[in-house]
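So the structure is just underneath, and the comments pick up after that.
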Amino acid sequence: MARYDAAQIEQKWQKAWSEAGCFTARRDDTKPKYYVLEMFPYPSGNLHIGHVRNYTMGDVVARYKMSTGHAVLHPMGWDAFGLPAENAAMERKVHPGDWTYQNIANMKAQFARLGLTLDWSREFATCDPEYYGQQQAMFIDFLEKGLVYRKNAVVNWDPVDMTVLANEQVEDGRGWRSGALVERRELTQWFFKISDYAEDLLEALDRLENWPDKVRTMQKNWIGRSRGLQFAFDLSDRDDKVEVYTTRPDTLLGASFVGISPDHPLARELEASNPDLAAFNAECRKMGTAEEELEKAEKRGFDTGLKARHPLDPSWELPVYVANFILMDYGTGAIFGCPAHDPRDLEFARKYDLPVKSTFVPMNGPHTAPEDKGEPFVPPKTETVRYTRIVAGAAEQTGDAAIDAAIDRAESEGWGQGVTKFRLRDWGLSRQRYWGCPIPVLHCDACGVVPEKKENLPVELPRDVDFDTPGNPLDRHPTWRDVPCPQCGGAAKRETDTMDTFVDSSWYYARFTSPGATTPTDAGEADYWMNVDQYIGGVEHAILHLLYSRFFARAMHACGHLPASAIEPFDALFTQGMVTHEIYQTEDATGRKTYYLPSEVERREGGAFLKDGTQVQVIPSAKMSKSKRNVVDPVEIIDRFGADTARWFVLSDSPPERDVEWTEAGAEAASKHLARVWRIAEGARDAPETGGDDETLLREMHKAIHDVTVNIESFGFNAAIARLYAFANTLSKSQAGRQAQVKAARTLAQLMAPMTPHLSEELWRMLGGEGLVTTAAWPKADPAMLVEDEVTMPIQVNGKRRDEIRVAKDAPKHQVEALALASDAVQRQLAGATPKKVIVVPGKIVNVVV
RNA sequence: GCGGGCGUGAUGGAACGGUAGACAUAGGGGACUUAAACUCCCCAGGGGGAAACCCCGUGCGGGUUCGAAUCCCGCCGCCCGCACCA
């Protein structure tokens, strides 16, 4: 009678699966294919528990699909370019490549212990030249198709480190390393023309039925299609116009100022002769490039002194302000402000003492007008309101109708036109960094921008670089940078910008279908395996990564790298929650925080303490992050309890889409339960040949098969586990004969197999299962065993439960009603009164209304 | 600030608009043990009551419904994203 020894059995079964080649994806025309993919990890060096949860979920799906007769593709790779490798290079003098590949080796070893169904024969890292070379080939294809172009864009510039900073590297307007005030600087950069696909990316969302609604809504809002009016204000005192775009032309008669972005051409022109304005603009440009920062900043403006003529009344002049909250990237970079119907404009108007004029009021009810210190009135455009200053249309109409009427008027009078605009901006892919995919073009004095010849790809990153000097090492690497022009043979310089790492992750799913191909994809393989049937990852990727991938699949199709059927690469999406943990910190006199690992901290009465007795502050659970050190090391957990325990725990308790808090107690409990299942299985094996009531146990078994199957298929892993607990409890108490108990225990092991594959293999063998449980066919519930002929129906009086009755499942309504009314509890509640109404929902509930 | 989501016992959570709290954790009681650990059994939303049973209860305030944790409106709190973190 051996004890449950996780370490020993996990190794044993991992070896068995590997020898049987269970997880190598094979095309098989006799089976439906199934491609399950989890978002690949950044190789930080250590697997964290969030990875364990993410990859276990995918593994449950993969294992379930294997046992339901699918040819499964479940690959894994590394999102290996990015900032942390350069930071490590600067801090520790290691080469970014060495650091990255070392991390990959570490993490792969950790992965191996989890017992995942990954097909490692397809592994690649995005920093492999074989991968990024194909990416460069596609860049050149995109360039030929007009899907890539150059334009100027602003970046965060650190004047001390002489480098471009990511938004994340800007803290309170200062560079994280240098502490210097960050400036906005304009550079010529490469852009993908994602805006060409804005309409299609938006329309196609409706067909992504197996995506969460929240993700589709977020993408819809991000793309932000709007219908509005574009027109120009004539300026009074100079021969010029300001072109504006508005989604509320119906509020034009409530206009009180014209606002332009500090980066607007007019603002730039005026600042040349106006030092105060120049100072104001310079101040605005000190802000970082993050939209959040701009939006949160105090609304400020500068009166240019210019006046704009109202298009509906030339004698009405509006002041022209430069305002810090207007983005040059959206619309025309200029607006008219209508304070009565826009909170931002109202804040601005009150600050600069500009008029506030309502153009419409609510249909009914009291209303504190924005004119009198009230709130701005911003009803949904579908709501009917009463117009007090009408641009066009009826006095009482919806916002939508009024907007359409206003556009019609502007068009017929010839001073403006209706246009559709998108909030979605083109995707800037240039990064002034070393550790990324080189952009495969050259700059030639004679020929201009010239793509590298495809036969010269990959343009490999040079190895001999140093990070001692600020700036991009590629810029100061003459032998790499200075090369002959591929077109004319004259002197040329390589592009030293590298690609955004989002490019790398925008097509890796396609590369997994043919990781060794000498073209980006192999048509036959892509056609067979695409699309990803189930994609799993964090909701933090709801917009950028997923939108970029959808764009990339379209662009790849346009260049012949993916079939038309794969332009929506992810058939179904599941966004899982994070694993969270408490944060432990201390603060020194200057407020500097030091964080501690959970393993360094002991929780006892009175709080949490370090080993030396120092008390630490406990911050409530938050996403596990390296910087806050609130991380749990999965390797420690696996060493202590085994991989099956870690897998079981991360799936239990919390619904997969919600965050789960890691607790020590929870892990221990999971471990105890698995040991208990082991004992239950042994009990079944050793049960007396004959006992009582096999029928009840087998009925419960079929119900468990049904429920667990439904739960797994709907991503209700926590519910599946709760159901498995209940079934284990039933089995442990059962007095059924050996044959029935063994059958039930074997089924329990099999139902648990997607979550706890090693333990299940062991029990499967112990209980006489044939072959591997991993390759065994999923059990089927016998419908005849699921039907009940009697049901319990609760009886409510006025919606409150007072009693319950047992009735035949198909008892006629009048019989149920009579039984319900006969109940003592109901009679007591009625106290002689006659019920007004009795609602009988067959098989569900009875409600007696008094 | 804008967009999206979430909020249920001490805790994680369950509940096609139909018995709120399944399942589990921590806790309490008991059995086993010289003792403990392990294991097994029982109790357990709050309040009242000897009990039967009654009242209250799903962040807060309204509404729809025979019936609301679930749907609608308004607030509060927390989380995710905001285009150069991945």
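Below, chains carry the letters A, B, ... as their sequence lines are ordered, and counting in each starts from 1. Hydrogens, waters and symmetry mates play no part in the numbers below; they use all other heavy atoms, side chains included.
- Pair check for B/rA68 finds none; no Watson-Crick or G-U wobble contact set falls under 3.5 Å.
- At least one side-chain nitrogen or oxygen of A/Lys800 sits closer than 4.0 Å to the OP1 or OP2 atom of B/rC56.
- Anti is the conformation of B/rG59, whose glycosidic angle sits further than 90° from 0.
- B/rG74: Watson-Crick or G-U partner is B/rC60, with both key distances under 3.5 Å.
- Aromatic ring pairs are classed by plane angle as parallel below 30°, tilted from 30° to 60° and perpendicular above 60°; the pair A/Phe715 and A/Phe717 is tilted.
- Of the candidate nucleotides B/rG13, B/rG18, B/rG12, B/rG12 has the atom nearest to the side chain of A/Asp653.
- By the 4.0 Å N-to-carboxylate-O rule, A/Lys813 lies too far from A/Glu817 to be salt-bridged with it.
- The side chain of A/Val849 sits closest to B/rC66 out of B/rC66, B/rA83, B/rA14.
- In terms of position along RNA chain B, the nucleotide closest to A/Ser654 lies nearer the 5' end than the nucleotide closest to the other residue of the pair A/Ser654 and A/Tyr548.
- Checked against the 6.0 Å centroid threshold, A/Tyr509 and A/Tyr535 do not count as a close aromatic pair.
- Distances shorter than 4.0 Å separate some side-chain N or O of A/Arg658 from OP1 or OP2 on B/rG7.
- The interatomic distance linking A/Arg676 (CZ) with B/rC40 (C1') rounds to 9 Å, in whole Å.
- Between the CZ atom of A/Arg828 and the P atom of B/rC55 there is a distance of 11 Å, given to the nearest Å.
- At a cut-off of 3.5 angstrom, counting only N and O atoms as typed in the model, there is a donor on one side and an acceptor on the other between the side-chain of A/Glu292 and the base of B/rC82.
- For B/rC2, the OP1/OP2 oxygens have no side-chain nitrogen or oxygen of A/Asn221 closer than 4.0 Å.
- A donor-acceptor pair under 3.5 Å is formed between the side chain of A/Arg647 and the backbone N or O of A/Met755.
- To the nearest whole angstrom, the two P atoms, one in B/rA52 and one in B/rG62, are 34 Å apart.
- Nearest to the side chain of A/Ile845, among B/rC23, B/rG18, B/rC66, sits B/rG18.
- Of the candidates B/rA20, B/rA86, B/rU39, the closest approach to any side-chain atom of A/Arg801 belongs to B/rA20.
- Taking 3.5 Å as the limit, the base of B/rC84 and the side chain of A/Gln432 contain a donor-acceptor pair of atoms between them.
- When each of A/Thr501, A/Asp500, A/Thr498 is paired with A/Arg431, the side chain to side chain donor-acceptor pair (under 3.5 Å) condition holds for A/Asp500 and for no other.
- With a cut-off of 3.5 Å on both Watson-Crick or G-U wobble distances, the partner of B/rC32 is given as none.
- Between the CZ atom of A/Arg802 and the C1' atom of B/rA52 there is a distance of 14 Å, rounded to whole Å.
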